[in-house]
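Here is the structure we will look at.
Every chain is numbered from 1 and lettered A, B, ... according to where its sequence line falls, protein lines coming before strand lines.
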Amino acid sequence: MSQEQILNISVDGAAVTVEPGTDGFKLFTDRATVAHRVNGELKDLAYKVQDGDVIEGVLIGSPDGLNILRHSAAHVLAQAVQNINPEAKLGIGPPITDGFYYDFDVETPFNPEDLRVLEKEMNRIVQAGQRFMRRVTNDVDARVELANEPYKLELIGLKGSDLGEGSAEVGAGELTIYDNVDSKSGETVWFDLCRGPHLPNTRMIGNGYALTRVASAYWRGNENNKQLQRVYGTAWPSKDELRAHQERLEEAARRDHRRLGAELDLFSFPEEIGSGLAVFHPKGGTMRRVMEDYSRKRHEESGYEFVYSPHITKSNLFETSGHLAWYADGMFPPMRMDEEVDENGVVRKQGQDYYLKPMNCPFHILVFKSQARSYRDLPLRMFEFGSVYRYEKSGVLHGLTRVRGMTQDDAHLFVTPDNMEAELTNVLNFVLGLLKDYGLNDFYLELSTRDPENPKFVGSDEIWETATNTLQKVATESGLELVPDPGGAAFYGPKISVQARDAIGRTWQMSTIQLDFNLPERFDLEYTAPDGTKQRPVMIHRALFGSIERFFGVLTEHYAGHFPPWLAPVQVVGIPVADAFSDYLHGIAAQLRKHAVRVQIDDSDERMQKKIRNHTLAKVPFQLIAGGQDAENNAVSFRFRDGTQENGIPVEEAIARILKAIEDKAQV
RNA sequence: GCCGCUUUGGCGCAAUUGGUAGCGCACCGCACUUGUAAUGCGGGGGUUGAGGGUUCGAGUCCCUUAGGCGGCUCCA
């Protein structure tokens with residue numbers, strides 16, 4: 001073998017010499033390697049290595065490998081759709097978290113029942129073991145081949161520009177088509193414009209996939225474009241992993257606050273009131289009150305002052321604030337008051353428009369403006385559980401997490417530029433501390449900053465710079481993971497948002513701390529500085545819960561309804577073994593009530609076993625059971641939600657344990 | 001707002017090709033008075049989200065409308 005016939009390459013970090021023509025199939029003989037990264041770029045295993053290539057195998061279970069699996073599954077789905085309906089036009093079909101989708105332009109939308117038919121056809125294609133074959137083409141040829149695919153033609157035209165979601169189809173490099181080649185006949189049975197890479201063949205998709213739902217989506221995500229029909233699927237390296245994924249979804253469904261809200265009798269959305277407008281039932285109301293009481297207590301301890309403002313206002317307030325100019329669509333329409341019209345229909349007295357408030361800030365600003373302010377007054381911290389109303393589009397409403405009427409735990413801090421850093425530090429620590437008390441303790445931060453190229457941002461460069469640096473510093477000092485969100489700031493100031501992970505790993509945006517350089521300007525806010533000059537304060541908006549409703553929903557899902565005793569609507573329920581012991585338990589309940597424990601005695605005429613079942617399903621933290629043995633010993637038996645029990649606990653001790661768990665905000 | 005699906009007593013579900021609504025839980029009554037996840041018997045409750053249409057006849061088909069669900073868009 002002569003020198004020039006040997007290629008020196010690196011495979012997974014090891015130097016290797018191979019013959020020309022060697023491809024990934026020779027380098028990686030294990031079935032789990034489905035592609036490889038060549039000099040940092042993902043390639044099919046069929047790629048023939050070049051001298052000097054640095055190659056790393058991509059395992060199917062790796063993030064890259066899963067994407068390749070899912071994208072390949074998307075191709076199989078598209079082929080299945082076109083096999084069944086040759087008229088279907090292809091949109092795009094990228095991998096997404098846990099799965100994939102493919103968009104189609106079809107005459108009649110898919111039905112859920114169509115999914116079974118499509119899965120069957122997909123299964124046939126997978127079993128057929130078609131090879132995915134990459135083929136380089138060019139604009140001219142591709143346009144001929146794809147003459148019947150208008151959306152693909154559009155993507156070819158967009159090649160190299162900002163494609164967003166279309167990037168799975170065409171990349172910055174060569175234009176490529178993937179042929180699906182029948183393993184027996186060698187015939188190309190289907191093809192799609194795609195940059196790849198793909199699994200070597202369809203059989204490797206295995207049986208760990210499923211189609212999950214049908215939906216519609218605007219072509220290229222623009223609501224002015226046509227809506228295409230989207231089919232969603234999920235795909236995993238094995239059936240077991242698919243099953244595990246489905247179980248995770250089932251677990252999330254069990255925790256769904258909309259379901260638990262009804263089951264635990266916490267809240268409802270009566271149709272008579274309107275979409276997105278909740279009522280809290282006694283149990284949910286108790287929880288909400290406890291949440292609010294604790295929040296108030298902590299705010300008071302932290303130097304906030306409590307203010308109150310009305311739910312409606314004349315339009316001029318929101319004209320000054322600018323909300324009517326840029327947020328009118330999100331507001332309920334005005335109530336026109338006081339207009340007087342004579343018999344000829346001529347307006348005799350000008351009316352006045354009143355609006356439901358979508359935000360509390362302008363009201364707090366008016367409190368600030370109610371008197372001349374000195375630097376000595378600052379920072380001024382105003383807190384309110386402020387109810388706001390926003391006309392959210394009907395399609396976005398979702399349980400308690402996206403509503404039309406909500407109560408924010410809203411505060412506005414008016415600070416001098418010198419106060420800013422200390423105050424932001426305080427606020428962030430306050431926020432994190434409070435969220436932890438409610439049982440959330442896994443956070444990361446997101447810092448939204450301005451795009452220097454975009455002229456929409458108000459405020460001087462200096463103040464943006466100072467503010468952004470301050471937020472950055474404060475965020476870094478918190479020691480939490482910090483995710484930058486460049487260009488994500490509102491036009492009026494940068495912000496930090498706190499993202500919390502719940503018990504099953506989902507993240508929720510919770511608190512926001514938002515700087516505002518705009519409203520102080522619009523309302524001409526000022527304070528007198530030490531040197532006697534008038535200066536403009538900076539405003540900080542912040543909400544911890546976002547809204548109480550939303551936070552309530554998040555906590556319900558986080559705890560799966562198993563609220564810790566301090567939050568539980570019923571903390572203790574007493575269950576007598578027989579009627580005769582009812583009085584005994586009532587005596588214990590009376591002692592607990594002296595300590596404000598929410599306790600009930602179930603002296604209904606159900607059997608004891610039934611009562612245990614009922615209160616377990618109601619997720620009451622402490623069940624106290626008492627019969628003859630307990631009464632004789634001045635004791636009681638605990639039973640917990642998980643079915644465990646402890647018998648013969650002296651009453652004194654039982655009470656102490658309950659009080660301690662509540663006091664410590666412990667989970668039981 | 002857009003697309004699709006969906007809407008049956010408080011809740012969860014049934015009702016062959018259109019032929020005048022059933023079940024479980026819950027609720028009420030009676031009996032039972034019981035040591036750790038559903039005692040037994042009996043009873044009341046719906047005209048099928050609302051409105052209109054097709055039909056001899058509609059929960060079942062069509063239209064309008066209001067909820068809900070899943071996506072898309074949106075979330076200043």
Side-chain angles (χ1 to χ4, degrees), chain A residues 91 96 101 103 106 108-115 165 212-232 253 256 258-259 262-263 265 268-277 321-331 358-359 361 390-399 401-403 456 488-493 495 509 512 514 516 518 541 546 550 575-582 603-618 623-631 637-648:
Chain A
I96 53 175
Y101 67 79
D103 288 343
V106 286
T108 45
F110 297 106
N111 287 312
E113 303 85 69
D114 295 333
L115 295 183
E165 285 183 319
T212 49
R213 55 176 56 108
V214 294
S216 76
Y218 299 104
W219 168 237
R220 302 188 61 223
N222 185 329
E223 68 179 317
N224 298 316
N225 288 344
K226 179 161 186 175
Q227 282 199 324
L228 305 182
Q229 297 303 310
R230 177 171 295 181
V231 179
Y232 281 94
D256 193 315
R258 294 168 299 181
R259 168 187 179 150
E263 280 177 11
D265 193 20
S268 62
F269 289 90
E271 202 179 315
E272 294 84 339
I273 299 177
S275 291
L277 299 166
S321 70
H323 286 100
L324 276 172
W326 82 76
Y327 192 61
D329 284 352
M331 295 169 66
M359 298 196 164
C361 3
R390 301 180 180 182
Y391 197 76
E392 302 286 359
K393 289 199 243 171
S394 60
V396 307
L397 298 171
H398 182 93
T401 58
R402 196 80 187 269
V403 291
K456 74 169 182 176
F491 72 88
Y492 51 82
K495 72 171 174 191
Q509 176 172 323
T512 56
Q514 168 87 56
D516 188 343
N518 178 49
H541 307 248
R550 183 180 148 79
I575 301 173
V577 166
D579 261 3
F581 311 107
S582 180
D603 35 25
S604 68
D605 53 7
E606 293 291 353
R607 297 175 70 220
M608 178 191 65
Q609 288 87 335
K610 180 67 171 287
K611 294 179 185 180
I612 288 172
R613 176 181 159 79
N614 287 158
H615 297 113
T616 303
L617 291 175
Q623 293 179 42
L624 294 185
I625 300 173
Q629 292 167 25
D630 296 295
S637 297
F638 273 106
R639 184 178 168 108
F640 300 96
R641 292 176 285 206
D642 63 0
T644 58
Q645 59 206 49
E646 288 179 52
N647 295 340

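Remark: the A/Q227 side chain and the B/rC2 base include a donor-acceptor N/O pair separated by less than 3.5 Å.
When rounded to the nearest whole Å, the span between CD of A/E263 and C1' of B/rG12 equals 10 Å. Between A/K226 atom NZ and B/rG1 atom P the separation is 22 Å, expressed in whole Å. As a whole-Å value, the separation of A/R220 CZ from B/rU73 C1' is 15 Å. Across the protein-nucleic acid pair, A/R259 atom CZ and B/rC13 atom P stand 10 Å apart, rounded to whole Å. The CG atom of A/N225 sits 12 Å away from the P atom of B/rC74 (whole-angstrom rounding). Rounded to whole Å, the distance from CG on A/N224 to C1' on B/rU73 is 10 Å. In this structure, the CG atom of A/L228 is 12 Å from the P atom of B/rU73, given to the nearest Å. Atom C1' of nucleotide B/rC2 and atom OH of A/Y218 are separated by 3 Å, given to the nearest angstrom.
Under the side-chain contact (heavy atoms from CB on, under 4.5 Å) criterion, A/Y391 pairs with A/F332, A/R404, not counting sequence neighbours. Contacts of A/R402 classified as salt bridge (charged side-chain N to carboxylate O under 4.0 Å, His left out), with partners at least two apart in sequence or in another chain: A/E392. Residues satisfying the salt bridge (charged side-chain N to carboxylate O under 4.0 Å, His left out) criterion with A/D256, sequence neighbours excluded, are A/R258. By the side chain to side chain donor-acceptor pair (under 3.5 Å) test, A/Q229 is found to be paired with no residue, residues two or more places apart in sequence or in another chain being considered. A/K226 meets the salt bridge (charged side-chain N to carboxylate O under 4.0 Å, His left out) test with A/D105; sequence neighbours excluded. Scanning for side-chain contact (heavy atoms from CB on, under 4.5 Å) contacts around A/A618 gives A/V620, with sequence neighbours left out. Under the salt bridge (charged side-chain N to carboxylate O under 4.0 Å, His left out) criterion, A/R639 pairs with no residue at all, not counting sequence neighbours. Applying the side-chain contact (heavy atoms from CB on, under 4.5 Å) test to A/N224 and every residue at least two apart in sequence or in another chain returns A/N222. In this structure, the side chain to side chain donor-acceptor pair (under 3.5 Å) partners of A/T644, at least two apart in sequence or on a different chain, are A/D642.
Going from the P atom of B/rG10 to that of B/rG46 covers 9 Å, rounded to whole Å. For the P atom pair drawn from B/rA50 and B/rG9, the interatomic distance equals 9 Å after rounding to whole Å. Separating the P atom of B/rU65 from that of B/rC2 is a span of 10 Å, rounded to the nearest Å. The P atoms of B/rA14 and B/rG49 are separated by 14 Å, rounded to the nearest whole Å. Rounded to a whole angstrom, the distance from the C1' atom of B/rU55 to that of B/rC62 is 12 Å. Separation of the P atoms belonging to B/rG24 and B/rC61 is 27 Å when rounded to the nearest angstrom. Separation of the P atoms belonging to B/rG59 and B/rG53 is 15 Å when rounded to the nearest angstrom. Look at the P atom in both B/rG67 and B/rG29: the space between them is 38 Å, to the nearest Å.
The shortest distance between side-chain heavy atoms of A/M331 and A/L324 falls below 4.5 Å.
Here A/Y327 does not reach the OP1 or OP2 of B/rC74: none of its side-chain N or O atoms lies under 4.0 Å away.
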Nucleotides 61-70 of chain B: protein proximity per nucleotide (B base, S sugar-phosphate only, - neither; heavy atom, under 4.0 Å): -----SSSSB
Generate the contact string for nucleotides 32-43 of chain B. Rules: B means base contact, S means sugar-phosphate contact only, - means no protein heavy atom under 4.0 Å. BBBBBBBB----
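A/H615 comes within 4.0 angstrom of no nucleic acid atom, judged by non-hydrogen atoms across all strands.
A donor-acceptor contact closer than 3.5 angstrom links the side chains of A/R230 and A/Y232.
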Bracket notation of RNA chain B in which parentheses pair within the strand, [ ] cross earlier pairs, and | pairs with another strand (Watson-Crick or G-U, under 3.5 Å): (((((((..((((........)))).(((((.......))))).....(((((.......))))))))))))....
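Between A/Y492 and A/H541, the angle of the ring planes lies from 30° to 60°, which puts this pair in the tilted group. Between A/Y327 and A/H323, the ring planes are perpendicular. Angles over 60° get that label, and only those under 30° would be called parallel.
You'll find that the side chain of A/N111 is closest to B/rG4, out of B/rG4, B/rC3, B/rC72. Checked against B/rC3, B/rC75, B/rU73, the side chain of A/R402 finds its nearest nucleotide in B/rC75.
Taking the nucleotide of RNA chain B with the nearest heavy atom to each of A/A490 and A/F110, the more 5' of the two is matched to A/F110.
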